[in-house]
There are 2 protein chains.
Amino acid sequence: MNRKAIPARATHRIATDASVIFERHVRAEGLKSSQVRLGLVRAIAAMAGHFTAEMLQARLMRRGSVSKATLYRTLAMMQDCKLLVSHDFGGGALYFESALNQPHHDHMYCLGCGAISEFTSRGIEALQARIAAEAEFELTAHSHKLYGYCAPCARRAHKRTSEVEPGRRSG
Amino acid sequence: MNRKAIPARATHRIATDASVIFERHVRAEGLKSSQVRLGLVRAIAAMAGHFTAEMLQARLMRRGSVSKATLYRTLAMMQDCKLLVSHDFGGGALYFESALNQPHHDHMYCLGCGAISEFTSRGIEALQARIAAEAEFELTAHSHKLYGYCAPCARRAHKRTSEVEPGRRSG
DNA sequence: ATTTTTGCAAATGATTTGCATTCTT
DNA sequence: AAGAATGCAAATCATTTGCAAAAAT
C-alpha cells in the first residue's frame, strides 16, 4: 500500500485540486492569496508519501528557497483545511502526508530504516468505536501506530547474533 | 478503570518493589546507587495515574527539591528497567506512568479537560498482530490513542451552541 | 582513590513568533 | 492605502548535556 512514483499528469491534477480547496479556505478566512504560498501548496499537495518539514524544504530548495517560517505557516494552514495530515512517530520531527482524497489509515513505522507503511482495519475501527461508546467517550480522532521492523530490516537483524532491543519509546 | 487513591500500605510496597528492581538494574549496569535517586524512584513508582515531569517536580518540591537534570535522568533509567512507561499525547510534554505490575493498556485522552483513561481490547491486539504478520512486519511495540471528550466534557459542550472543533492534531 | 551522581547553566532542536519590508487587494 | 504575507532572527519549551563539586564504592 505504499504510494510511490505518481505520474506527472496525476500530480498536476492533485496540485490543482489542492489549490482550489486552499484558496477557498483563504477566502473563507478573509486572508489574502499569494504566489509564494500557492506554489508551496501545489508542491506539498503533490508530495508522495510521508515527509518532514526538513525533507520538504530540502526538496523545495531546488527551485527558489522558502523560509522555514512560511513553510511551517503554510503547513499549518493546509492542515486547517484538511489538505494535509501530520503524524508524530516520536523522532522529534513531525511527518506530514497529503490528505487529498486519501482515506483514513494508520501506520507502521520501521525502527530499523524509518520506513512508514499504512494499514486499515474495519475491525479495529469498529472495536475502537465500541470501546469509546461504552466509556461514554465522544471520539473525535485517534492515532494507532505499530512499531517494529519491516521485512528487510527484520531479516537483516536475524542474521547478526546480538541485536539491541529498541529502548524506551514514548507510546 | 482509573487508578486513584492508593492506600498508604500499598504505595509503600510498590516503592519497595520498585527500588529492588531499580537497584538490580543499577548493579547490572555497573553503576552506583544513590540516596537522591532511590528516593526519587520510590516516589515516582508510587505515583498514581499519569503525570508529566513538571507535575512530578511540583509534587516532589514539597520535600527537598530535585534538579530537572536528575529528574529526567532517573525517569530515563526507570524506563530502561521497565518501571516506567511514557506516552506522548501531543501536548508537548510526555506523560509518564508507573509500569510496576501494570498490564499493558492503551489510552483515551480528553481534549476538554486533559483527563486520561485506559482501555484494553483483546480483539484489537489480535487484529493488530494479524495485520503485522501479513505485512511481515516484526511488531515490537504499538501506540493506540483515542482523542475526544470524556462524558462530563461532552455534556458541557452540548449545552453551548457553538463548539470549536479540535484543530490540527498530529496523530 | 576512582568512578558515578548531582545540579547548574548552557545547549539542543523542532517549531513559533516579533517585526520591518514586500505583496495583494 | 490598508491589511496580509514573507523572511530573518530571536524566542519557545521540553528535554539533554557539559562540567565542577559532592557522594558512593
Rounded distance (Å) that lies between atom C1' of D:dC19 and atom CZ of B:R73: 11 Å
Short side-chain N/O contact from A:Y72 to OP1 or OP2 of C:dT16, under 4.0 Å: no
Tell me whether the OP1 or OP2 atom of D:dA5 has a side-chain N or O from A:T70 closer than 4.0 Å. no
With heavy atoms under 4.0 Å as the rule, sort A:S33 into base, sugar-phosphate or nothing. sugar-phosphate
Distance, rounded to the nearest Å, where B:M55 contributes CE and D:dT15 contributes C1': 17 Å
How many whole angstroms separate atom CG of A:L38 from atom P of D:dT6? 10 Å
Given atom CG of B:L94 and atom P of D:dC13, what is their separation to the nearest angstrom? 17 Å
Geometric class of the A:Y109/A:Y95 ring pair [parallel <30°, tilted 30-60°, perpendicular >60°]: perpendicular
N/O donor-acceptor pair under 3.5 Å between B:K145 side chain and A:A141 backbone: no
So, applying side-chain hydrogen bond (donor to acceptor under 3.5 Å, both in side chains) with A:E125, which one of A:R130, A:H144, A:H104 is it? A:H104
Both A:S65 and B:L31 contact DNA chain D. Which one's nearest nucleotide lies toward the 5' end? A:S65
Could you check whether the rings of A:H107 and A:H105 sit parallel, tilted or perpendicular, using 30° and 60° as the cut-offs? perpendicular
Could you pick out which residue, B:V36 or B:F96, lies toward the 5' side of DNA chain D when each is mapped onto its nearest nucleotide? B:F96
Less than 4.0 angstrom between a side-chain N/O of A:S34 and OP1 or OP2 of D:dA5, yes or no? no
On a plain distance test, is the side chain of A:K32 in donor-acceptor contact with the base of D:dA4 below 3.5 Å? no
How many whole angstroms separate atom CZ of A:R27 from atom P of D:dA5? 14 Å
Going by distance alone, is a donor N or O of one side chain under 3.5 Å from an acceptor N or O of the other, for B:S19 and B:T16? no
Classify the nucleic acid contact of B:A93 as base, sugar-phosphate or nothing, counting any heavy atom under 4.0 Å across all strands shown. sugar-phosphate
Roughly how many Å is it from CD in A:Q57 to P in C:dT15, rounded to a whole number? 11 Å
Looking only at the side chain of A:K68 (C-beta and beyond, no hydrogens), which of the listed nucleotides C:dT17, C:dT15, C:dG7 gets closest? C:dT15
May I have the distance from B:E23 (atom CD) to C:dT5 (atom C1'), rounded to whole angstrom? 13 Å
What is the distance, rounded to the nearest whole Å, between atom CD of A:Q35 and atom P of D:dA4? 19 Å
